[in-house]
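Working notes for the structure below.
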Amino acid sequence: MLKSTMADRPLTVRAILEHGARIHPRSEVVTSAGDAVVRRATYAEVAGRAARLANALRRLGIGPGDRVATFAWNNQEHLEAYLAVPSMGAVLHTLNIRLAAEQLAFIAKHAEDRIVIVDASLIPILATFIADVPGIEHVIVVGEGDAAPLGREVLRYEALLAAEEPRFDWPEIDERQAAAMCYTSGTTGDPKGVVYGHRSTWLHSMAVTSGAIFALSERDRVLPVVPMFHANAWGLPYAAWMVGAGLTFPDRFCQAAALAKFVDEARPTVGAAVPTVWNDMLGLAEAPDIGSLRLIVCGGSAVPRSLIDRFHERFGVRIVQAWGMTETSPLGSVALAPIDLSEDESMAYRATQGRPAPGVELRIVDDDGNELPWDGEHTGEIEVRGPWVTASYHTREGEADDGEKFHDGWLRTGDVGAVCDRGYIRISDRAKDVIKSGGEWISSVELENALMAHDGIREAAVIGVPDERWGERPLACVVRADGDAGAAATPEALGAWLAERVAKWQVPERWAFVDAVPRTSVGKFDKKVIRAQHAAGELDVVEVTR
Ligand code: AMP
């Protein structure tokens, strides 16, 4: 074999940090302080503070492989931890601030967190579980705020940084070493830990910035609304830093009105969030000025075509759907339109989950694990593998790996769909959400998309409920829009609307009109809660005969 002559330099977060700091020192990091007030810092300043943080952490005893947790909003300090912790060889563990205390305690213990960096506003939540995690040696508080509820001594972030030098002798790091970890939200069983490597993070960042995905450059300002505890804010902080794009962080001000104001102030060019965030923005009484956005990245759950259309019509802003998982770093696929089609024709492709990103291999398999053809018809479970796709979950000594989630080295995603001959994926459901009615499958995603295209509907989630005759039937849980359009959205009218868009036998008989669809810890519609509400008889269900 002829060996390559190329140097084997490691692909690391340290390399991302140093490149961004040296080549783009004037790029900006903007954080919302609410009410159109913002804080600004340059990359040079942030890098200096990241070095100070690394010095402080080392002084507190943090060394290679040690876990440093964050319990924080999307802001500059969180970015400093993103850069400092992996670059010093330690492991960043982003805790999901919206999980229940019991789950948080489990996760922090399982990850063996030694330090938590907490935003002062989140102290009351940290206080609900910290006593159950004896391994946490230090708490570092960002911002002013009473730490008394924690019942222990804390360290103050700014005081720690002020006492240190803005330089750190970053160590050489093996690119296969852990850089960061994130737990899945665990719909069944305990949450599972995914450990990102330096190499996987570097490669993922390159992919995200590439022309095949979002074409990020220093001309951009990136707005990650997606939390930094949700799959590393979809990898955007590292990707942006790598190319010197500005970063604009909403901090805790993520409600539609506050976010719209922040967009107006910080003028981001690329925004990223789950569909519910953008859907809420459509509901604002006063149309916001979000025209600075050249692109909105939307994913985490299926993006209704109506959302894409409305953003285009109302704001002239392009929504691009992406698919991925915590397990895939998370970029798996992106729905950029084929270039040889008209605007109209390409919409059908933009409303799919898109094509696999370069670097991600994807296949669909039937129940027996046989690979299915990419013809847009054959439907099966989606499996992926690649250098930023996890091949196992984090286990502690004595724990068994969750082998069921893997198949011959491929990750079983639990998503069911078909792929067309051009490589565009159409997900019809999570495997556990598919509705089996009289032996036929009904796609809840298809029903939801069709419902959300109706003027009188603001939100829609469809679940399968037991039915004597058919085994299972769909129940549509919907939030009506205000005004006449909402009032006209009766079960009969909605049934007729659906009958023009899906097979008639798929039209639900059962309807629940609610004030809000429950959401998960990362802002997706929470079908688990809807199912539980239905089982407990808490939903007011209207039944129409067909
Ligand atoms: P999480 O790890 O919390 O990000 O959840 C990953 C799951 O979210 C995937 O397995 C999908 O079920 C779902 N998901 C993510 N993006 C999309 C999308 N664009 N369309 C449909 N489902 C999606």
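Numbering of residues begins at 1 and proceeds along the displayed sequence. Order of listing sets the numbers, starting from 1, for every ligand and every atom in it. Computed from a predicted structure; not experimentally measured.
Which parts of ligand 1 touch Ala322 is read off a 4.0 Å heavy-atom cut-off, strictly below it: atoms 16 (N), 18 (C), 19 (N).
For atom 5 (O) of ligand 1, the candidate residues are Lys524, Arg430, Lys192, His230; the nearest heavy-atom contact is made by Lys524. Residue Gly324 holds the heavy atom nearest to atom 6 (C) of ligand 1 of all those in Gly324, Ala231, Ser301.
Residue Asp415 places a heavy atom under 4.0 Å from ligand 1. Residue contacts with ligand 1 leave out Pro330, since none of its heavy atoms falls under 4.0 Å from the ligand. For the ligand labelled ligand 1, residue Ala335 lies outside the 4.0 Å heavy-atom shell.
Annotation: Gly300 places an N or O atom under 3.5 Å from an N or O atom of ligand 1; distance criterion only. Between Met325 and ligand 1, a contact under 3.5 Å exists for no N or O pair. Taking distance alone, with nitrogen or oxygen atoms compared against 3.5 Å, Ala302 approaches ligand 1 more closely than that limit.
For an aromatic pair to be called close, the ring centres must be under 6.0 Å apart, and Tyr183 with His110 satisfies this. Residues Phe253 and Phe262 place their aromatic rings such that the two centres sit no closer than 6.0 Å. The ring of Phe129 has its center closer than 6.0 angstrom to the ring center of Phe71.
Annotation: cation-pi geometry not satisfied between Arg412 and Trp410 (NZ/CZ under 6.0 angstrom from ring centroid, within 45° of ring axis). Under a cutoff of 6.0 Å and an axis angle of 45°, Arg318 and Phe311 do not form a cation-pi pair.
In terms of protein heavy atoms, atom 17 (C) of ligand 1 is closest to Trp323 CD1, 3.5 Å. In terms of protein heavy atoms, atom 2 (O) of ligand 1 is closest to Thr326 OG1, 2.7 Å. Considering only non-hydrogen protein atoms, atom 20 (N) of ligand 1 sits nearest to Gln353 NE2, 2.9 Å.
A tilted orientation is assigned to the rings of Tyr393 and Phe406, their planes being inclined by 30° to 60°.
Closest non-hydrogen pair, Ile364 versus Pro373, comes out as CD1-O, 3.8 Å.
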